[in-house]
2 protein chains.
Amino acid sequence: MKEKVPKGYSPSMEDYLEAIAMLCGGRRAARVSEISRRLRVKMPSVTSAVKKLSEQGLVVHERYGYVELTAEGDRVAEDVIRRHKALSRFFAEALDINQEVAEEDACKMEHVISPLSLERVIKFIEFIEACPLGETNFPNRYKYYLEHGELPEECLERGLREKE
Amino acid sequence: MKEKVPKGYSPSMEDYLEAIAMLCGGRRAARVSEISRRLRVKMPSVTSAVKKLSEQGLVVHERYGYVELTAEGDRVAEDVIRRHKALSRFFAEALDINQEVAEEDACKMEHVISPLSLERVIKFIEFIEACPLGETNFPNRYKYYLEHGELPEECLERGLREKE
DNA sequence: TAACAATTATAGCCATGGCTAACAATTAGT
DNA sequence: ACTAATTGTTAGCCATGGCTATAATTGTTA
């Protein structure tokens, strides 16, 4: 019972937890070599990170063996993944960015976004997906603007009407 | 002529450049103590950062004197500021996040966002500001959804119409 | 089962970027 | 002009998180 309660973890440690959770994928545990490959760091970096995480009670790891998340580690990892998914969906679906770049940006931003902004990003996606306005819906108009550099007709017409 | 051409700078160094540019604000140069206060780091941290920046040709600094950006330093700083402004406007105007949190998030994300995503964020703001649809415009609908947790009428009606 | 390959760990280095404590220069007050 | 306060620098510490080189363990296979 000496926990600092709602701790924050470094981007690096969050990356390790996320990678381990993805590798475990429900079933088996993760190997050091797998984590190393996934995060594109060398194995000694993984070993020392895992050591640190295990001292913090986030993973269990026996020498030359598997790496597994503890309940707490899993909780943290799932939260990172939640942030990641929200951001990558936002980039891909709302901003119309290709999947690869969307993932890359999500990977970096997931560590720094505030809880409030995260919730708003999620609301935003919910909203644009739940509000289906056919041809005139928001994503379509936005994409038209992206492609043509000009506003679509609907916007222009109404804009003019307002002005006079 | 030994430059690595389109270098990338660390978040920390970008923060220093940004702070110096803001403090110089066109006219006078910056003092170490000002940078220290603005970034909430101690003065020795500033001294060593400034030393590094001057080795990289981004600032000019004479002992016990002022810190000024070089042309190159100014170029980099302006780019950081551009990213910052785009992001904070996006958070504040598009996601309806209060100014303070918008600034905080922009401060962190400005260092990691990809050029593509940045451009899209800018386009996004341009779009929602340029497409004025009165009561039924996108920001209004989104804010309605934020406040009520329910889609506004326009969305619901059309959504139903589509289904049958 | 002995030896080799693959995997993992350890030791120890390096860069980054904070910090404190102590010292030095500059500026201001009298 | 002298001294005190302010400002800035230096030296040196620490944590983080990479890395290489080398050692240890495990698993496989002849």
Side-chain angles (χ1 to χ4, degrees), chain A residues 4 7-20 23-24 28-69 73 76-77 80 104 107-112, chain B residues 4 7-20 23-24 28-69 73 76-77 80 104 107-112:
Chain A
K4 290 290 161 294
K7 283 182 86 170
Y9 302 98
S10 70
S12 174
M13 290 304 113
E14 286 190 348
D15 279 336
Y16 282 107
L17 291 172
E18 185 182 20
I20 294 164
L23 288 167
C24 290
R28 77 198 192 299
R31 309 245 57 178
V32 167
S33 54
E34 295 173 318
I35 302 169
S36 162
R37 268 189 297 278
R38 183 171 238 275
L39 293 181
R40 296 151 179 274
V41 297
K42 304 297 178 185
M43 295 222 305
S45 304
V46 177
T47 303
S48 75
V50 160
K51 187 184 164 199
K52 197 169 167 185
L53 290 171
S54 99
E55 282 162 1
Q56 291 176 111
L58 298 171
V59 305
V60 172
H61 177 224
E62 64 181 312
R63 267 174 122 245
Y64 296 100
Y66 290 93
V67 181
E68 259 177 306
L69 294 170
V76 177
V80 178
E104 282 171 19
C107 274
K108 314 233 195 73
M109 301 212 179
E110 69 193 15
H111 305 297
V112 299
Chain B
K4 290 289 164 295
K7 282 183 90 171
Y9 301 98
S10 71
S12 175
M13 291 304 113
E14 287 191 347
D15 279 335
Y16 282 107
L17 292 172
E18 185 183 18
I20 294 164
L23 288 167
C24 291
R28 77 197 191 297
R31 309 243 59 178
V32 167
S33 54
E34 295 173 318
I35 302 168
S36 162
R37 268 190 296 279
R38 182 170 237 276
L39 293 181
R40 294 151 181 277
V41 298
K42 304 297 177 185
M43 295 219 303
S45 304
V46 177
T47 302
S48 76
V50 161
K51 186 184 164 200
K52 198 169 166 185
L53 290 171
S54 97
E55 282 163 0
Q56 291 176 112
L58 299 171
V59 304
V60 172
H61 177 223
E62 62 181 314
R63 265 172 126 251
Y64 296 100
Y66 290 93
V67 181
E68 259 177 307
L69 294 170
V76 177
V80 178
E104 282 171 19
C107 275
K108 314 233 195 73
M109 301 211 180
E110 70 193 15
H111 306 296
V112 299

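Protein chains get the first letters and strands the later ones, always in sequence-line order, with residue 1 at the start of each.
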### Query
Do any side-chain nitrogens or oxygens of B:Ser12 fall under 4.0 Å of OP1 or OP2 in C:dG18?
yes
### Message
From CE of B:Met43 over to P of C:dA22, roughly how many Å is that when rounded to an integer?
### Response
16 Å
#### Entry: Derivation and outcome, side-chain contact (heavy atoms from CB on, under 4.5 Å), residues B:Ser45 and B:Tyr16
CA-CA 10 Å; B:Ser45 304; B:Tyr16 282 107; 3.8 Å; yes
### Task
Go through D:dG8, D:dG17, C:dA9 for me and flag the one nearest to the A:Thr47 side chain.
C:dA9
### Query
In terms of side-chain heavy atoms of A:Val41, which of D:dT9, D:dC19, D:dG8 is nearest?
D:dC19
### Summary
Rounded to whole Å, the NZ-P distance (B:Lys52 to D:dT10) equals 17 Å
### Query
Is it true that atom CD of B:Glu62 has more than 12 heavy atoms of other residues, nucleotides or ligands lying nearer than 6.0 Å?
no
### Task
Round to the nearest Å and state the distance from A:Asp15 atom CG to D:dG17 atom P.
10 Å
### Summary
Regarding the side chain of A:Ser45, the nearest nucleotide among C:dT7, D:dT9, D:dC19 is D:dC19
### Query
What is the distance, rounded to the nearest whole Å, between atom CD of B:Glu62 and atom P of D:dT9?
11 Å
## Note on the structure
Sorted by position of nearest nucleotide on DNA chain D, 5' first, the leading residue of A:Met13 and A:Arg63 is A:Met13
#### Entry: Whole-Å distance separating the CZ atom of A:Arg37 from the C1' atom of C:dA6
11 Å
### Query
For D:dT16, does OP1 or OP2 lie under 4.0 Å from any side-chain N or O of A:Tyr16?
no
### Task
Starting at atom CD1 of A:Ile35, determine the distance to atom P of D:dG17, rounded to an integer number of angstrom.
15 Å
### Summary
With the side chain defined as heavy atoms from C-beta on, A:Pro44 is closest, among C:dT10, D:dT9, D:dT7, to C:dT10
### Message
Please check this pair: side chain of B:Ser54 against backbone of B:Val60, looking for a donor-acceptor N/O pair closer than 3.5 Å.
### Response
no
### Message
Please report the distance, rounded to the nearest Å, between CD in B:Glu55 and P in C:dG17.
### Response
13 Å
### Message
Please confirm whether the shortest side-chain N or O distance from B:Ser33 to OP1 or OP2 of D:dT6 is below 4.0 Å.
### Response
no
### Task
Take B:Asp15 and B:His111, measure what side-chain contact (heavy atoms from CB on, under 4.5 Å) needs, and give me the verdict at the end.
CA-CA 9 Å; B:Asp15 279 335; B:His111 306 296; 2.7 Å; yes
## Note on the structure
Regarding the side chain of A:His61, the nearest nucleotide among C:dC19, C:dA24, C:dA9 is C:dA9
### Query
Rounded to whole angstrom units, what separation is found between the CG atom of B:Leu53 and the C1' atom of C:dG17?
12 Å
### Task
Measure from the side-chain N and O atoms of A:Arg37 to the backbone N and O of A:Lys42, and report whether any donor-acceptor pair falls under 3.5 Å.
no
### Message
By the 4.0 Å heavy-atom rule, please label B:Ser10 as base, sugar-phosphate, or nothing.
### Response
sugar-phosphate
### Task
Both distances under 3.5 Å, Watson-Crick or G-U wobble: report the partner of D:dT29, or none.
C:dA2
## Note on the structure
Of the listed D:dT20, D:dG17, C:dT20, the closest approach to the B:Lys42 side chain comes from C:dT20
### Query
Looking across every strand, which nucleic acid part, if any, lies under 4.0 Å from A:Lys51 by heavy atom: base, sugar-phosphate, or nothing?
nothing
### Task
Identify whether any heavy atom of A:Tyr66 sits under 4.0 Å from a base atom; if not, whether one sits that close to sugar-phosphate; answer base, sugar-phosphate or nothing.
nothing
### Query
Counting side-chain heavy atoms from CB outward, which of D:dT9, C:dG17, D:dT26 is closest to A:Tyr64?
D:dT26
#### Entry: Polar side-chain atom of B:Arg38 near backbone of B:Ser33 as donor-acceptor pair, under 3.5 Å
no
